[in-house]
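Convention: sequence-line order gives letters A, B, ...; per-chain numbering from 1.
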Amino acid sequence: MNTSTNYLINSEELMSLGYTPGRAFGIALRVAHKHEHLGKEVLLAQLADVLATPEAYLTDAVCSKLAAALIDEASIPEDAYIPLRDAGADYAIYGESHIEAGARTQMAVAMQLPVTVAGALMPDAHQGYGLPIGGVLAVENAVIPYGVGVDIGCRMALSIYDIPKAFFETNQAQFKRELIAQTRFGAGHGFKPDERADHAVLTDAAFGMNPFVADLKDKAWAQLGTSGGGNHFVEFGIIEFAEGDPALGVPAGTYVALLSHSGSRGLGATLAGHYTKLAKELCRLPYEAQNLAYLGLDSEAGQEYWQAMTLAGDYASANHEVIHRKMAAALGAEVLAKVENHHNFAWKEQWNGQEVIVHRKGATPAGKDVLGIIPGSMTAPGFLVRGKGETASINSASHGAGRQMSRTQAIKTISHETMRAQLKQHGVTLVGAGLDEAPMAYKDIHTVMAAQTDLVAVLATFTPRLVRMADDGSRED
DNA sequence: ATGTGC
């Protein structure tokens, strides 16, 4: 994904040929990279010629796609693009010193959209696609598919069991068995036909909203109750309430709890891809803002996306419900309390006396007295929090610690021995996961929490003990 | 994030 590494022909050279940033520009860079064996001079001459007469290259084995993109771009008049504002409004940043520059650049562009009302960057923010992860954007009467993200409705769910810590510690083998038996991980994975779960979401009329969505229902059913890959997990841990919480109905004390993190699987990903593509066709923005293409809420496409997003959110919730339902039944556990919050979604909310659409892409809703879960890492605590309703953060907080290292960097620099030692030191048993999910790849959650004391108050601390994540190819054992 | 690509 990192396209900036040692290309024979770089962006500046392309620009000196007369290429301008856009889709064709990216294709030209890739063509040049793929055919480096031709040598720099030959490539530069060829790229200049394609730019001058793209029509002559429409059937060329190497440059046909580049030629088509150039013709396509030239056919769009300058004034077909929706202009950005010259200067974007200011936005609040929490924990700025730990946020990478790329995330701030993306947020600055988002602030220039003509529909933008307000924005904020959470302390776990990092660069994403369109809106940064950890970005919050309030807009007027529009929705941005990539402001929600690919994993629509991705969320945290916590079940607090009436099980003492001591019982967990003497029966860990049983908890581990059930963790493996009741959960499914891995990209593309679902349940076999005779293992499929049932849930009311499968009867949601929104599955019939159009043939495209209807086609996704069978896979959604197979994946109901699964967790997927990446940073998703299901884990047992110990949750400590220093004080009782009357609203939740949990007295002060220490309990065993189940915490899950996952989203809407293939269903949400397919819907996100489909509606982002549609938004890009209907909302032509300048190159740097193209991934922020928006749909008017009053438009047919906007209403369709909203309905699809709502379905994906309900489906993501059902996924967690199935996991938690199965686990409680398998353990014979009584659930004292449940907390759930999504952190990739768009909401209709009041902000500063005005109705806005708030996009939270990797940000926890933190309106006044709203409960949320902010996970740390597999060896660092997560927190059950209560929102303070801070206007400047648009009633939001971070959705975790955030990455300190990229996946590739983590795989390169962290050893299996180091990771094993870290897990052992914290008394954590891990099933699955690769080095890219090593705890050292994440920021210090305490630093992140310290940056958002104005946004949330901590109600309880959750310490992971038995963690399951997707297997990954880099594992050696 | 996602079972499949510029």
Without placing hydrogens or testing angles, list every side-chain donor-acceptor pair under 3.5 Å for residues 39-55 of chain A, not counting sequence neighbours.
from: A:K40; atom 1: NZ; to: A:L8; atom 2: O; distance (Å): 3.4
from: A:K40; atom 1: NZ; to: A:E13; atom 2: OE2; distance (Å): 2.7
from: A:D49; atom 1: OD2; to: A:Y57; atom 2: OH; distance (Å): 2.5
from: A:T53; atom 1: OG1; to: A:D49; atom 2: O; distance (Å): 3.2

Test side-chain hydrogen bond (donor to acceptor under 3.5 Å, both in side chains) applied to [X] - qualifying residues, sequence neighbours left out:
X      : result
A:E178 : A:Q182
A:T447 : A:D444
A:K176 : none

Check your understanding: Contact class for A:G229 vs. all strands (heavy atom < 4.0 Å): base, sugar-phosphate, or nothing?
Key -> sugar-phosphate
**Study point:** Touch class at under 4.0 angstrom, heavy-atom based, for A:H232 against every strand present
**Key:**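 Result for A:H232 = sugar-phosphate.
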Under the side chain to side chain contact (heavy atoms under 4.5 Å, CB included) rule, collect the residues that match up with [X], sequence neighbours excluded.
X      : result
A:T408 : A:S406
A:Q404 : A:K443
A:R407 : A:N231, A:R403, A:D436, A:E437
A:T310 : A:W306, A:D314

Compare side-chain N and O positions of [X] against OP1 and OP2 of [N] and report whether any pair is under 4.0 Å apart.
X      : N     : answer
A:Q223 : B:dG3 : yes
A:K219 : B:dG3 : yes
A:R403 : B:dA1 : no

Practice item. Would you mind telling me which of B:dA1, B:dG3, B:dC6 lies closest to the side-chain atoms of A:N231? Key: B:dA1
Check your understanding: Of the nucleotides B:dG3, B:dC6, B:dA1, which has the atom closest to the A:K65 side chain?
Key -> B:dC6
Check the distance between [N]'s [atom2] and [X]'s [atom1] and give it to me in whole angstrom.
X      : N     : atom1 : atom2 : answer
A:N344 : B:dT2 : CG    : C1'   : 13 Å
A:E437 : B:dA1 : CD    : C1'   : 11 Å
A:H261 : B:dA1 : NE2   : P     : 7 Å
A:R155 : B:dA1 : CZ    : P     : 16 Å
A:Y146 : B:dT2 : OH    : P     : 13 Å
A:I27  : B:dG5 : CD1   : C1'   : 14 Å
A:D72  : B:dC6 : CG    : C1'   : 15 Å
A:H343 : B:dA1 : NE2   : P     : 9 Å

**Study point:** A:K326 charged N/C atom sitting above A:F191 aromatic ring, 6.0 Å / 45°
**Key:**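 Yes, A:K326 sits over the ring of A:F191.
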Review point. With Watson-Crick and G-U wobble geometry limited to distances under 3.5 Å, how should the secondary structure of DNA chain B be encoded in dot-bracket form, using | for bases paired to another strand and [ ] for crossing pairs?
Key: ......
Practice item. Using distance alone, with no hydrogens and no angle criterion, decide if A:Y315 and A:Q223 have a side-chain donor and acceptor under 3.5 Å apart. Key: no
Practice item. Applying salt bridge (charged side-chain N to carboxylate O under 4.0 Å, His left out), name anything that partners A:D218, two or more places apart in sequence or on another chain. Key: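 A:D218 satisfies salt bridge (charged side-chain N to carboxylate O under 4.0 Å, His left out) with A:R196 only.
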Check your understanding: Contacts to DNA chain B from residues 265-280 of chain A, heavy-atom cutoff under 4.0 Å, which residues?
Key ->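 Under 4.0 Å from DNA chain B: A:R265, A:G266, A:A269.
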Point to revise | Nucleic acid contacts of residues 282-294 of chain A, taken as heavy-atom distances under 4.0 Å to DNA chain B | key: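 Contacts with DNA chain B under 4.0 Å: none.
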**Study point:** side-chain hydrogen bond (donor to acceptor under 3.5 Å, both in side chains) between A:S260 and A:H320, worked out
**Key:** CA-CA 7 Å; A:S260 51; A:H320 286 263; 2.7 Å; yes
